[in-house]
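Sequence lines set the chain letters: A, B, ... in the order given, protein chains first and strands last, and positions in each chain run from 1.
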There are 2 protein chains.
Amino acid sequence: MNEGVRWLTEDEQRVWRKYLAATSMLSEYLERRMQQDAGIPHTYYEVLVSLSEAPECTLRMSELAVRSRFSRSRLSHAVTKLEAKGWVVRTSCPSDKRGAWATLSEQGRAVLEAAAPDHVEAVRKALFDVLDAEQVHRLGEITGAIIDGLAEECEAVEADAGEGAD
Amino acid sequence: MNEGVRWLTEDEQRVWRKYLAATSMLSEYLERRMQQDAGIPHTYYEVLVSLSEAPECTLRMSELAVRSRFSRSRLSHAVTKLEAKGWVVRTSCPSDKRGAWATLSEQGRAVLEAAAPDHVEAVRKALFDVLDAEQVHRLGEITGAIIDGLAEECEAVEADAGEGAD
DNA sequence: ACTATGTTGTTGAGTCTTCAATGATTCGAT
DNA sequence: ATCGAATCATTGAAGACTCAACAACATAGT
């Protein structure tokens, strides 16, 4: 039964383990710094960034979820927290009464701008300072390939979910 | 005050965003598959792998924590869950009465071996199938550089924590 | 107009992680 | 031998995420 399995080669295993170590170390590093600097998870910061880049600093919840790669539920919980801090405001949408808008408040923008320099510094220190230009370019290629591969995979899964029994 | 900040270039931003997307998509993909296949988080699977590679399938909790990149506390909670499932056994350590050993049970090994083929398949599909040999090699370099950089950073932090006021 | 179906967003329960506090033991210096 | 500091592991509470269930509304077909 194991004969069909394409196990990883020695080299692939080494790379995979380094990948796991590097990504978890990096995300824990950013997480810790963001928690200290702004008192929120790194992912919440990315939500604020997404909002700040939208016209009028406003997006529909579902659109914000896509841009932040949050599930609807996760975003709903997150925005509840961010609203409690006064950094985001929810408004109900008149054209589609199911919908809701999320808007970055002035206070939210201030927090974002205050946290940004430290965040960039952290990303630089952990990533771009240790890579040369060639490696940065390659990393772009590699991550692009992963994204494309998984995007296909996701579409396939959604297609399966959509179809009932035939 | 912002003048000292080394902001990211356009290219760096693009790469950074792709990095975030790729790593989160990949980890969510593995997470989902592991949850479906074995009913545990992907990181718990890695804990079992670490144990399976140790002599006698046994490690001190603190050593297991290092190898799985878990905090002591996180590992303690995790092992509690894994013990409840009967996949890991805790034994108190006679030579150091503070310590505890964790051992992979027969049942745990069976679960691990049952989950392994699907897991490898997932890693292949999401990562190695979409990269050529050159890219895999580069990914090894890049992740190695990140690990080395953050290891230094961590040591510096620990050194700070260790020293009191001077 | 009416019903079936799909979409949007929220909620609650359960799970996982972090953080700080704790108990138990070992080590080092006096 | 003893006192203080460091180490090992666990615990409980609080925060964050997932999943399934749900309410409210929109859309399309009849």
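Taking atom CZ of residue Arg32(B) and atom P of nucleotide dC16(C), one finds them 15 Å apart after rounding to whole Å. Rounded to an integer number of Å, the gap from Leu30(A) CG to dT18(C) C1' is 17 Å. Note: NZ (Lys85(A)) to P (dG15(D)) measures 10 Å, nearest angstrom. Separating the NZ atom of Lys81(A) from the C1' atom of dA14(D) is a distance of 8 Å, rounded to the nearest angstrom. Rounded to an integer number of Å, the gap from NE2 of His42(A) to C1' of dG15(D) is 18 Å. In this structure, Glu31(B) atom CD and dC19(D) atom C1' are separated by 13 Å, rounded to whole Å. Rounded to a whole Å, the CD atom of Gln36(B) is 12 Å from the C1' atom of dC19(D). Regarding Gln35(B), its CD atom lies at a distance of 16 Å from the P atom of dG14(C), rounded to whole Å.
Within the 4.0 angstrom heavy-atom criterion, no nucleotide atom of any strand lies near Thr80(A). If you check every strand for non-hydrogen atoms under 4.0 Å, Ser62(B) touches sugar and phosphate atoms only.
Phosphate proximity of dA9(D) to Arg98(B): absent, as no side-chain N or O sits under 4.0 Å from OP1 or OP2. OP1 or OP2 of dG9(C) has at least one side-chain nitrogen or oxygen of Arg60(A) nearer than 4.0 Å. Contact annotation: Arg90(B) reaches the phosphate of dT10(D) (side-chain N/O to OP1 or OP2, under 4.0 Å).
Nearest-nucleotide assignment on DNA chain C puts the 5′-proximal partner with Phe70(B), out of Asp96(B) and Phe70(B). When each of Thr43(B) and Ala100(A) is assigned the nucleotide of DNA chain C bearing its nearest heavy atom, the one mapping closer to the 5' terminus is Ala100(A). The 5' end of DNA chain D is approached more closely, in terms of each residue's nearest nucleotide, by Trp101(B) than by the other of His77(B) and Trp101(B). Residue Met61(B) is the one, among Met61(B) and Tyr44(A), whose nearest nucleotide of DNA chain D lies closer to the 5' end (criterion: closest heavy atom).
With hydrogens and angles ignored, no donor-acceptor pair closer than 3.5 Å exists between the side chain of Arg74(A) and the base of dT18(D). Between the side chain of Ser73(B) and the base of dT11(D) there is at least one donor-acceptor pair of N/O atoms closer than 3.5 Å.
The nearest pair of heavy atoms linking Leu26(A) to Ala126(A) is CD1-CB, 3.5 Å.
Among Glu10(B), Glu12(B), Arg6(B), the single residue meeting the side-chain contact (heavy atoms from CB on, under 4.5 Å) criterion with Leu8(B) is Glu12(B).
If you check dC25(D), dT26(C), dT18(D) against the side chain of Ser71(A), the one that comes closest is dT18(D).
For the pair Ser76(A)/Phe70(A), no side-chain contact is recorded, criterion being any heavy-atom separation below 4.5 Å from C-beta on. Between Leu30(A) and Tyr45(A), every side-chain heavy-atom pair lies at or beyond the 4.5 Å cut-off.
Of the N and O atoms on the side chains of Thr143(A) and Arg17(B), not one donor lies less than 3.5 Å from an acceptor on the other residue.
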